[in-house]
Asker: 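A single structure is presented below for examination.
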Amino acid sequence: MIHINAPVRVRFAPSPTGFLHIGGVRTVIFNWLFARHYGGQFILRIEDTDEKRYVAGAAEDILESLRWVGVDWDEGPDIGGPHEPYVQSLRSELGIYQQYVDQLLLRGLAYKSFITSEEIEVMKAAAQERGLKSFRFRSRERDWSADQVAAAEAEGKPYTVRLKVPLSGTTSFHDLVRGGEAINVNNHDLYDIVLLKSSGMPVYHLAHLIDDHLMNITHVIRGEEWVSSTAYHVLLYQALGWDMPIYAHVPNILRQDGRGKLSKRKDDVATNRFWERGYLPEALFNYLALQGWSYDDHTEIMSRDELIERFTIDRVQSSPARWNPDKLKDMNGIYIRQMSADELTERLLPYLSQAGLINATPLPEERAYVRHLVPLIHERLEEMQEAPELLSFFFQPVEYPNPLLLIPKKMDMPGTIATLREAQSRLSELFIWDVPTIEASLRTLVDELGLKAGQLFGTIRVAITGRTVAPPLFETLEALGQDRSLDRMLAAIQTLEEASETM
RNA sequence: GCCCCUAUAGUCUAGCGGCCUAGGACGUCACCCUUUCAAGGUGAAGAUCGCGGGUUCGAAUCCCGCUGGGGGCGCCA
């Protein structure tokens with residue numbers, strides 16, 4: 001049994017190299033749920049120590065995605081906190097990392113390395129040619145004397161600072177996700193990682209660790225791709241003489257075909273895209289919470305509060321999950337159906353505006369009309385972006401590219417024309433245009449004509465909507481209004497007549 | 001290649017030594033409801049619990065090996 005000591009402090013530390021993808025969101029969710037469950041704090045920190053891959057605006061974009069998903073943070077770059085700043089490039093300028101590097105250097109636990117990346121590449125290639133597939137780099141300066149180092153420095157050669165990783169022995173650590181089991185790594189399989197780049201900027205391994213320590217992070221919940229670097233972190237903590245946080249490496253989300261983890265380039269997984277397609281943040285949150293975690297053998301739909309109450313790290317899976325868009329879509333449909341018609345109306349307006357069906361800033365009558373239409377598609381919607389397509393015929397004229405679709409099963413062209421004429425005439429006689437009246441009128445007609453309900457209703461459906469699949473007929477007629485309904489039926493009759501002449 | 005992690009139906013998962021003739025969900029199929037499509041309801045197919053050894057009275061559950069899958073092996077995070 002895992003016992004968690006409160007108070008708990010966790011963080012999410014994205015790198016502003018692009019958009020936030022869905023796998024990152026899942027990791028955020030686990031961190032956030034963990035913090036909220038134990039009444040602790042969730043901290044946001046920007047890890048922008050990669051000058052080369054930095055993308056302007058990415059950090060803002062990531063924050064916006066997080067807000068949309070519904071995650072909030074107690075300390076962060078935008079709201080500050082007791083451990084400011086929360087951006088690593090700023091912390092680097094303050095010399096925060098340098099001071100610890102100096103300490104390590106002084107104590108001989110790290111060393112300056114004057115070898116260039118190009119030289120390493122050459123050595124690697126040579127090693128590979130000799131048939132050595134693995135290359136554990138231990139720099140030659142590892143054991144240089146102070147004089148040798150001073151001489152190289154005097155020449156003005158750029159250098160990196162590397163950690164002096166023990167040549168032998170074992171490094172081990174525990175992982176909450178793996179039931180607290182110890183993971184052991186032979187130091188022989190490690191290499192001397194870079195701590196400080198020649199630019200003076202710290203590398204992730206160093207920066208995140210110092211910040212985690214300074215910010216009193218108690219639990220590090222991160223993707224399992226970090227498992228293999230954790231030994232370095234343990235060694236670094238030991239070198240600095242600090243207590244380690246508790247680790248929990250959460251499983252990756254694999255691509256749909258199972259071939260590798262989700263990738264920004266190959267998969268449509270930008271968080272913003274889910275907003276565009278009409279996913280509800282609540283649904284995405286719920287789905288993602290279930291990627292690598294489960295509550296019991298049957299509960300799936302859970303509110304944010306329920307998730308907070310139920311989330312525990314010991315129920316996190318240690319094997320990878322698989323991206324399943326169908327399941328997400330299904331869940332989104334469930335959340336849409338749970339929503340009130342008023343709320344769905346408001347959420348749908350932007351999609352209808354964007355499709356050009358209504359004004360960019362919806363007019364009051366447009367809003368009212370959409371509200372009237374919402375019940376017709378409410379339970380047919382899985383992604384909100386589908387709404388414009390489902391509702392287009394209420395806003396745009398219909399056409400009959402294939403008039404034959406107007407002809408019901410077991411009926412011919414003249415029969416259909418006659419039937420539509422009769423229906424049009426009956427409906428034109430109605431003084432009250434509501435669902436019960438329309439229904440009564442048409443059902444009576446079905447009996448009188450000796451037709452099947454599906455035959456009459458089918459042809460009217462195509463006549464007024466231009467399609468064979470549409471919302472329920474009476475409600476659609478009612479929402480369309482008497483004039484437009486009658487006009488469209490006339491247009492359908494005319495289309496059929498023209499078609500029969502050319503045949 | 002080396003190191004680490006991992007393994008229940010197409011997919012997500014429940015299972016923590018007897019409650020398992022392996023439970024739930026997505027997807028698939030059928031039927032019911034019904035004016036189409038959905039939603040809803042009922043039901044079905046689908047897992048020799050990756051394989052092989054052990055431990056045990058008893059294993060999906062514990063141990064070992066193999067195989068498969070994933071991750072890592074950067075002056076990227």
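The chains referred to below are lettered A, B, ... by the order of the sequence lines, with proteins before strands, and numbering in each begins at 1.
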Asker: As a quick check of understanding, evaluate side chain to side chain donor-acceptor pair (under 3.5 Å) for A:T230 and A:R222, giving each step before the final call.
Answerer: CA-CA 11 Å; A:T230 303; A:R222 54 176 17 169; 3.2 Å; yes
Asker: Classify the nucleic acid contact of A:W323 as base, sugar-phosphate or nothing, counting any heavy atom under 4.0 Å across all strands shown.
Answerer: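 Counting heavy atoms under 4.0 Å across all strands, no contact is made by A:W323.
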Asker: Rounded to the nearest Å, what distance is computed from the CD1 atom of residue A:I120 to the P atom of nucleotide B:G74?
Answerer: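 In whole Å, B:G74 P and A:I120 CD1 are 9 Å from each other.
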Asker: What is the pairing partner of B:G50, taking Watson-Crick or G-U wobble pairs with both distances under 3.5 Å in any strand?
Answerer: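 B:C66 is the nucleotide pairing with B:G50.
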Asker: Side chain of A:E300: nearest nucleotide among B:A25, B:U36, B:G69?
Answerer: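 It is B:A25.
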Asker: Measuring to OP1 and OP2 of B:A77, would you say a side-chain N or O of A:K197 lies under 4.0 angstrom away?
Answerer: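 The answer is yes; a side-chain N or O of A:K197 sits under 4.0 Å from OP1 or OP2.
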Asker: What contact category does A:S294 fall into here, base, sugar-phosphate, or nothing, at under 4.0 angstrom with non-hydrogen atoms?
Answerer: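 The answer is sugar-phosphate, as A:S294 gets under 4.0 Å only of primed atoms, P, OP1 or OP2.
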Asker: Would the base of B:C12 count as contacting A:R322 through its side chain, where contact means a donor and an acceptor less than 3.5 Å apart?
Answerer: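 Donor-acceptor pair under 3.5 Å: no.
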Asker: P atom, B:U11 versus B:G69: distance in rounded Å?
Answerer: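 Roughly 14 Å separates the two P atoms.
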Asker: Under 4.0 Å between a Lys/Arg side-chain N and an Asp/Glu carboxylate O for A:R53 and A:E47?
Answerer: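 Here A:R53 does not pair with A:E47 in a salt bridge, since their nearest N and O are not under 4.0 Å apart.
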Asker: Any side-chain donor-acceptor pair under 3.5 Å between A:E478 and A:H372?
Answerer: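 Side-chain D/A pair, A:E478 to A:H372: present.
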Asker: I'd like the C1' distance from B:A7 over to B:C12, given in whole Å.
Answerer: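 The answer is 15 Å between these two C1' atoms.
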Asker: Using atom P in both nucleotides, what's the gap between B:G18 and B:A45 to the nearest angstrom?
Answerer: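 My reading of the P atoms in B:G18 and B:A45 gives 27 Å.
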Asker: Atom NE2 of A:H188 and atom P of B:C4: how far apart are they, to the nearest Å?
Answerer: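 Distance check: A:H188 NE2 to B:C4 P gives 12 Å.
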Asker: Side chain of A:Y204 only, please: which of B:G72, B:A77, B:C75 is the nearest?
Answerer: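 Within the option list, the nearest is B:A77.
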Asker: Under 4.0 Å between any heavy atoms, over every strand shown, what does A:Q291 touch: base, sugar-phosphate, or nothing? Just pick one.
Answerer: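 If one applies the 4.0 Å heavy-atom cut-off, A:Q291 turns out to touch the sugar-phosphate alone, with no base involved.
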Asker: CD1 of A:I183 versus P of B:G72: gap in Å, rounded?
Answerer: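 For the pair A:I183 CD1 and B:G72 P, the rounded distance is 15 Å.
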Asker: Under a 3.5 Å cut-off for both distances, is B:C29 Watson-Crick or wobble paired, and to whom?
Answerer: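 Paired with B:C29, as far as the under-3.5 Å criterion goes, is B:G43.
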Asker: So, for A:Y287 and A:Y335, is the gap between ring centers shorter than 6.0 Å?
Answerer: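 Ring centroids of A:Y287 and A:Y335 are no less than 6.0 Å from each other.
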Asker: Tell me whether the rings of A:H233 and A:W226 are parallel (<30°), tilted (30 to 60°) or perpendicular (>60°).
Answerer: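 A:H233 and A:W226: tilted rings.
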Asker: Using the six-membered ring wherever Trp is involved, compare the ring planes of A:Y232 and A:H205 and label them parallel, tilted or perpendicular (cut-offs 30° and 60°).
Answerer: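 A:Y232 vs A:H205 ring planes: tilted.
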Asker: Taking B:G27 as the reference, what is the distance to B:C63 when you measure between their C1' atoms (whole Å, please)?
Answerer: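 Those two atoms are separated by 37 Å.
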Asker: Would you indicate what A:I115 reaches in the nucleic acid, counting non-hydrogen atoms under 4.0 angstrom: base, sugar-phosphate, or nothing?
Answerer: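 Base contact.
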Asker: What contact category does A:L473 fall into here, base, sugar-phosphate, or nothing, at under 4.0 angstrom with non-hydrogen atoms?
Answerer: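 If one applies the 4.0 Å heavy-atom cut-off, A:L473 turns out to touch a base.
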Asker: So A:K261, base contact, sugar-phosphate only, or nothing? Heavy-atom distance under 4.0 Å.
Answerer: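 It contacts sugar-phosphate atoms only.
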Asker: Determine whether the aromatic ring centres of residues A:H249 and A:Y247 are separated by less than 6.0 angstrom.
Answerer: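 Distance test on ring centres: under 6.0 Å, yes.
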Asker: Quick one: label A:G223 by what it contacts on the DNA or RNA (base, sugar-phosphate, nothing), any heavy atom closer than 4.0 Å.
Answerer: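 Nothing, no nucleic acid heavy atom in range.
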Asker: Going by purine N1 to pyrimidine N3 plus the second Watson-Crick contact, or the G-U wobble pair, all under 3.5 Å, which nucleotide sits opposite B:A22?
Answerer: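 Paired with no nucleotide.
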Asker: Using a heavy-atom cut-off of 4.0 Å across all strands, would you classify A:P158 as base, sugar-phosphate, or nothing?
Answerer: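 Nothing, no nucleic acid heavy atom in range.
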Asker: May I have the distance from A:D189 (atom CG) to B:C5 (atom C1'), rounded to whole angstrom?
Answerer: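 Interatomic distance, CG of A:D189 to C1' of B:C5: 15 Å.
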Asker: Quick check on the 6.0 Å ring-centre criterion: do A:Y86 and A:W73 meet it?
Answerer: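 No, too far apart.
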Asker: When the P atoms of B:A9 and B:G46 are compared, how many Å lie between them, rounded to an integer?
Answerer: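 14 Å, rounded to whole Å.
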Asker: Just to be sure I understand the rule, does A:D175 reach a base, reach only the sugar-phosphate, or reach nothing, if contact means heavy atoms closer than 4.0 Å?
Answerer: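 Nothing: the residue A:D175, judged by heavy atoms under 4.0 Å, touches no strand.
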Asker: What contact category does A:P471 fall into here, base, sugar-phosphate, or nothing, at under 4.0 angstrom with non-hydrogen atoms?
Answerer: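 Touches a base.
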Asker: Applying a 4.0 Å non-hydrogen cut-off, can you work out what A:F474 is touching in the nucleic acid: base, sugar-phosphate, or nothing?
Answerer: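 If one applies the 4.0 Å heavy-atom cut-off, A:F474 turns out to touch a base.
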Asker: Nearest to the side chain of A:S319 - B:G72, B:A7, B:C26?
Answerer: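 It is B:A7.
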Asker: Across all strands shown, which nucleotide pairs with B:U61 by Watson-Crick or G-U wobble geometry, both distances under 3.5 Å?
Answerer: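 Checking every strand shown, B:U61 finds no partner, since no pair has both distances under 3.5 Å.
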Asker: Taking only the side-chain nitrogens and oxygens of A:K327, find out if one of them lies under 4.0 Å from OP1 or OP2 of B:U13.
Answerer: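 Result: no.
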Asker: What nucleic acid atoms does A:G333 come within less than 4.0 Å of, heavy atoms only: base, sugar-phosphate, or nothing?
Answerer: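 The residue A:G333 makes no contact with any strand.
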Asker: Considering only side-chain heavy atoms of A:E224, which listed nucleotide, B:C5, B:C75, B:A25, is closest?
Answerer: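 The closest nucleotide is B:C5.
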Asker: From the options B:A25, B:A14, B:C5, select the nucleotide whose nearest atom is closest to the side chain of A:Q317.
Answerer: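 Of the candidates, B:A14 comes closest.
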Asker: Report yes if some heavy atom in the side chain of A:Y100 is under 4.5 Å from a heavy atom in the side chain of A:L209; otherwise report no.
Answerer: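 Heavy-atom side-chain distance check fails, nothing below 4.5 Å.
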Asker: Across the strands shown, which category fits A:R162 at heavy-atom distances under 4.0 angstrom: base, sugar-phosphate, nothing?
Answerer: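 The answer is sugar-phosphate, as A:R162 gets under 4.0 Å only of primed atoms, P, OP1 or OP2.
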Asker: Quantified in whole Å, what is the C1' atom distance between nucleotide B:G58 and nucleotide B:C20?
Answerer: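 My reading of the C1' atoms in B:G58 and B:C20 gives 13 Å.
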Asker: I need the CE-C1' distance between A:M302 and B:C12, as an integer number of Å.
Answerer: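 Checked: the CE to C1' distance equals 12 Å.
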Asker: Round to the nearest Å and state the distance from A:M123 atom CE to B:C73 atom P.
Answerer: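 Answer to the nearest Å: 18 Å.
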Asker: How many Å lie between CZ on A:F457 and P on B:C37, as a whole number?
Answerer: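 In whole Å, B:C37 P lies 15 Å from A:F457 CZ.
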Asker: Which sits closer to the 5' end of RNA chain B, A:P202 or A:N186, going by the nucleotide each is nearest to?
Answerer: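 It is A:N186, whose closest nucleotide lies nearer the 5' terminus.
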Asker: Between B:U13 atom P and A:I253 atom CD1, what is the distance in whole Å?
Answerer: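 Distance, rounded to whole Å: 9 Å.
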Asker: Of the options B:G15, B:G23, B:G71, whose atoms approach the side-chain atoms of A:R315 most closely?
Answerer: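 Ranking B:G15, B:G23, B:G71 by closest atom to the A:R315 side chain puts B:G15 first.
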Asker: Tell me which nucleotide among B:C4, B:C76, B:G15 gets nearest to the side chain of A:V203.
Answerer: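 The nucleotide sitting nearest to the side chain is B:C76.
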Asker: Using the side-chain heavy atoms of A:N252, tell me which of these nucleotides is nearest: B:C76, B:G71, B:C4.
Answerer: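 Nearest nucleotide to the side chain: B:G71.
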Asker: Choosing from B:C75, B:G70, B:U11, which nucleotide comes nearest the side chain of A:N324?
Answerer: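 The nucleotide sitting nearest to the side chain is B:U11.
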Asker: Between the side-chain atoms of A:S318 and the base atoms of B:C5, is any donor-acceptor pair under 3.5 Å?
Answerer: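 Answer is no: no donor-acceptor pair is held.
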Asker: Does the separation of the ring centres of A:F30 and A:F311 fall below 6.0 angstrom?
Answerer: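 So the answer is yes for these two rings.
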Asker: Output the single nucleotide from B:C75, B:U13, B:A77 whose closest atom is nearest the side chain of A:T116.
Answerer: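 Per side-chain heavy atoms of A:T116, the pick is B:C75.
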Asker: Can you tell me how far C1' in B:G65 sits from the matching atom in B:G71, rounded to whole Å?
Answerer: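 Approximately 23 Å lies between the C1' atom of B:G65 and that of B:G71.
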Asker: Distance check, P atoms only: B:G54 and B:C16, in whole angstrom units.
Answerer: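 The same atom, P, in both gives a distance of 26 Å.
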Asker: Name the pairing partner of B:C2, where a pair is Watson-Crick or G-U wobble with both distances under 3.5 Å, or state none.
Answerer: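 Here B:C2 is engaged in a pair, and the nucleotide opposite it is B:G72.
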Asker: Across the strands shown, which category fits A:A470 at heavy-atom distances under 4.0 angstrom: base, sugar-phosphate, nothing?
Answerer: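 Since a base atom lies under 4.0 Å of A:A470, the category is base.
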Asker: For RNA chain B, whose closest nucleotide is more 5', that of A:K52 or that of A:S228?
Answerer: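 The residue whose closest nucleotide sits nearer the 5' end is A:S228.
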